[in-house]
Amino acid sequence: MTDTPGDSSTLNDYKQSGTPSALPSQNPSSHHVDVVRAEAEFNALARQLSQQSRTERPQSQSSSSTNQNDAEKANQPEPFDLREYLTSSNDANQQAGIKHKHVGVTWENLQVDVVGGVNSKFYVGTLGDTTIAFFLGPFLWLWSLFAPLFPKKPIPTRAILHKSSGVLKPGEMCLVLGCPGSGCTTFLKTIANERNDYANVSGDVLYAGIDAAEMAKSYKGEVVYNQEDDIHIATLTVAQTLAFALSTKTPGPDGRLPGVTRKDFDRQVLDTLLRMLNISHTRQTLVGDEFVRGVSGGERKRVSIAEMMATRARVQCWDNSTRGLDASTALDFAKSLRVMTDVLGQTTFVTLYQAGEGIYDLFDKVLVLDEGRQVFYGPPTEARAYFEHLGYNQLPRQSTADYLTGCTDPNERQFAAGRSADDTPSTPEALEDVFTRSEYARTNQRALAQYKRSMETEKADQEAFRAAVAADKKRGVSQTSPYTLGFSGQVAALTVRQFQMRIQDKFQLVTSYTLSLGLALVIGAAYFNQPLSSAGAFTRGSVIFAALLTTCLDAFGEMPMQMLGRPILRKQTSYSLYRPSAVAFANTLSDLPFSASRVFLFNLIVYFMSGLHRSAGGFFTFHLFNFLAYLAMQGFFRTFGLICTNFDSAFRLAVFFVPNFIQYSGYMIPVNSMKRWLFWIYYVNPVAYAWQACMENEFMRIEFPCDGNSVIPRNGFGLNMYP
């Protein structure tokens, strides 16, 4: 049986080569081969082996195989038709009177500038610069307060996206192509109204006739941008990640079908997203990251896609969202976008670096950029012929998307026979100039002017969009707010998410509790069973201060956690899922069960091992002030993590405040010995108030003899005894 494939391969090689040497002879002395007889023997051998294989297969195996196939068919999920589902849902919404949200996008003379002119320089900081900045930091901060009062020298800028114009109507998809660095991401972020990273954005961008300023203020969540990197909370499951996004974007009663509750709506949409992207099997799997084991890279990319789809935005910008997906999944994703764009009337911009012909054919428009210049915008079916007509070589075996991108790459493009860079527009400026004078540019300008005119005269889409957004909001939410959920609802949803994130982060839980219990045992053993005499007076103050200092400095870990969570915060606030301030409240509420239990166990061990006053009132009063000091320092460090731009500035501020808080708490430096010009630190120090309260709580409950060995009264006039 093992020789059969080899004989077949040899016979096929013989047929292709047409030479007798391709088939070895069975008789070494023979010089001729009977091809007909060899084929007949091979076919007979193949039939014999097939019959033998069928006969030797047991009937029981056949029966069990049949049962297994039936079971597999029964367990297989029903085929999911996205178009049918969306069409039926859309028809039901229209029958219920729910308004549609159709938002066409127009951009005219759109240009983006960044800091840095042609001859500008960026200086890299050295150790000396950092040292000087550390000492001059307070003075530079004061100067920044008065600097706006003085005239400023204009900052040099340069254009990374030159003047571009176009229109994309509801229900259309645009594919943005270009080499890396050509401005595709800049174009998508500008269309998505994310302009904070740029020095200046000029030109007009309208969304159903609404300008960019009003869109950013009141409808920010309706225009979203999906970045190329997948940023998620690693310790949440796929279902929890999507359920949170849905909970903040669930429409109000006027935006849902009658009789459908919020929970039913979220569950239906969650199941739809998981089935549409074929990640239902990862529902209870952690998303994961570089350090936490979770879903695969392709599945994580699909989670990012599902999270953005959960926003139900009408203008969607996808930045290379097929990165990490196999060809089949990428095509399914593009088809899903096509169906959602057709049925729901979305406006979709997509940039892809490797788009197959099947994906390319799904788009209505294609925009080609070369170093920030618009060199083509028109129908995808005519783009290839346009560049071939300019003088570029025909490459029929190359996909159209790669061909268009290659025409803007000096290392990849090929000119037609008899053509060269001398008689073919090849620079970005030349390609832009040729396109500006082409019929495609004139058609684009006519379509742009006509659509803008229709938006100014017929405002049906704009009014329906405003009404639909207002109906989506939960009752009590301001009509000018870009959020679907109110502030209290955002805090509640974030509290649940943050609690899930902490309870599922096993490593952080185990290490924090283990470290806290270990430090409690060490401190309790160091001050074990303090005597009820003057010898235990100062050591009681020491153990109280050590316990306070340990719990308060434990809150220092909140500062880097706040800074590491910024990318997720930035992404989800750009989706208008919640206000940034809601995270601060949610973090405090979700952390209370963990921090309260951890500090309670720490205080319990330290308090009773060290022999402080053994009473319920004494312990719980000590624990109360200790925990309040921890919460105050936790908020203090979280504030640094929020207001500082980087780790360097945050740690420099912490290094300045923490030692002063420790020294000016009343333990190391007595209050009477503190310098008057630094006495204000004692008043703003939460550790000082907590230590003072805990000391009073302890010493008001105990009595011990003053034998003069450890406590010496200072009454003046040489008296060394208490009256």
Side-chain angles (χ1 to χ4, degrees), residues 82-83 85-87 90 100-107 110 164 166-178 184-194 205-208 210 215 219-228 249 272-273 276-277 301-302 304-323 325 329-356 358-369 377-381 383 401 444 447-448 451 461 465 468 574-575:
L82 178 63
R83 183 177 292 274
Y85 171 80
L86 292 179
T87 302
N90 195 40
H100 68 269
K101 293 191 288 186
H102 292 170
V103 182
V105 181
T106 63
W107 64 99
L110 178 62
S164 171
V167 56
L168 196 66
K169 300 177 182 178
E172 291 185 341
M173 294 173 61
C174 174
L175 177 62
V176 184
L177 296 176
C184 297
T185 298
T186 302
F187 176 80
L188 291 187
K189 295 182 73 173
T190 309
I191 292 295
N193 229 0
E194 294 190 8
V205 181
L206 301 177
Y207 308 87
I210 305 174
M215 206 72 180
Y219 308 104
K220 183 173 65 172
E222 299 299 328
V223 184
V224 294
Y225 165 77
N226 181 266
Q227 59 188 356
E228 187 173 354
K249 281 296 185 178
T272 301
L273 292 174
M276 179 178 68
L277 297 170
K301 171 61 69 176
R302 281 176 272 178
S304 301
I305 295 170
E307 184 183 31
M308 180 164 158
M309 288 181 173
T311 63
R312 301 183 302 113
R314 292 300 123 177
V315 180
Q316 300 181 355
C317 300
W318 302 87
D319 190 358
N320 197 22
S321 295
T322 58
R323 189 188 72 172
L325 301 180
T329 307
L331 180 59
D332 291 340
F333 163 67
K335 289 180 178 179
S336 299
L337 285 183
R338 179 75 269 177
V339 171
M340 296 174 68
T341 303
D342 291 339
V343 177
L344 303 179
Q346 296 178 168
T347 308
T348 307
F349 294 84
V350 182
T351 177
L352 299 173
Y353 289 133
Q354 290 181 339
I359 296 177
Y360 180 84
D361 293 337
L362 296 173
F363 289 87
D364 304 289
K365 298 288 181 64
V366 59
L367 171 66
V368 183
L369 297 175
Y377 182 67
T381 54
N444 181 37
L448 174 61
Y451 191 76
D461 281 349
F465 169 72
S574 69
Y575 291 171

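For clarity, every value in this text was computed on a predicted model and none was experimentally measured. The analysis underlying the following values was restricted to heavy atoms, covering all of them including side chains, and did not include hydrogens, waters or symmetry mates. Heads up: numbering here begins at 1 and tracks the sequence.
Closest non-hydrogen pair, A192 versus V223, comes out as CA-CG1, 3.4 Å. Of all heavy-atom pairs between L273 and A310, the closest is CD1-CB, 4.1 Å. Closest approach of A355 to I359, counting heavy atoms only: CB-CG2, 4.3 Å. The two residues Y451 and G104 make their nearest non-hydrogen contact at OH-CA, 3.3 Å. Residues D364 and P380 approach most closely at O-CD, 3.1 Å, considering heavy atoms. I191 and C317 make their closest contact through CG2-SG, 3.9 Å (heavy atoms, listed as atom of the first residue, atom of the second, distance).
Between the OG1 atom of T322 and the CG atom of L352 there is a distance of 4.5 Å, given to the nearest 0.5 Å. F187 CZ to S164 OG: the interatomic distance, rounded to the nearest 0.5 Å, is 5.5 Å. Atom CG of residue D342 and atom CD of residue E172 lie 10.0 Å apart, to the nearest 0.5 angstrom. R312 CZ to K249 NZ: the interatomic distance, rounded to the nearest 0.5 Å, is 7.5 Å. Atom CZ of residue F333 and atom CG of residue L325 lie 8.0 Å apart, to the nearest 0.5 angstrom. Here T106 contributes atom OG1 and L206 contributes atom CG; the two are 4.0 Å apart, rounded to the nearest 0.5 Å.
Annotation: side chain of Y360 is in contact with side chain of V366 (closest heavy-atom distance under 4.5 Å). Two residues are said to be in side-chain contact when any heavy atoms from C-beta on lie closer than 4.5 Å; T190 and W107 fail this criterion. Within the 4.5 Å cutoff, side-chain heavy atoms of L362 are placed close to those of K335. A heavy-atom distance below 4.5 Å is found between the side chains of Y225 and T185. For the pair K220/N193, no side-chain contact is recorded, criterion being any heavy-atom separation below 4.5 Å from C-beta on. In this structure, the side chains of L337 and M309 come closer than 4.5 Å at one or more pairs of heavy atoms. Between W318 and I305 there is a side-chain heavy-atom pair separated by less than 4.5 Å. Residues Y575 and N226 are in side-chain contact: their nearest non-hydrogen atoms beyond the backbone lie under 4.5 Å apart.
You'll find the ring centres of Y219 and F465 inside the 6.0 Å limit.
A donor-acceptor pair under 3.5 Å links the side-chain atoms of T351 to the main chain of V176, judged by distance alone. With hydrogens and angles disregarded, a donor-acceptor distance shorter than 3.5 Å links the side chain of K301 to the backbone of E228. R314 places no side-chain N or O within 3.5 Å of a backbone atom of V103 that could act as its donor or acceptor partner. Between the side chain of Y353 and the backbone N or O of N320 there is no donor-acceptor pair closer than 3.5 Å.
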Subject >> Working for side chain to side chain contact (heavy atoms under 4.5 Å, CB included), residues R338 and T341 >> reply: CA-CA 5 Å; R338 179 75 269 177; T341 303; 4.0 Å; yes

**OP:** Evaluate the side chain to side chain contact (heavy atoms under 4.5 Å, CB included) criterion for residues Q227 and D319: first the C-alpha distance (whole Å), next the side-chain angles of each, then the deciding distance (0.1 Å), finally the verdict.
**Re:** CA-CA 5 Å; Q227 59 188 356; D319 190 358; 5.6 Å; no

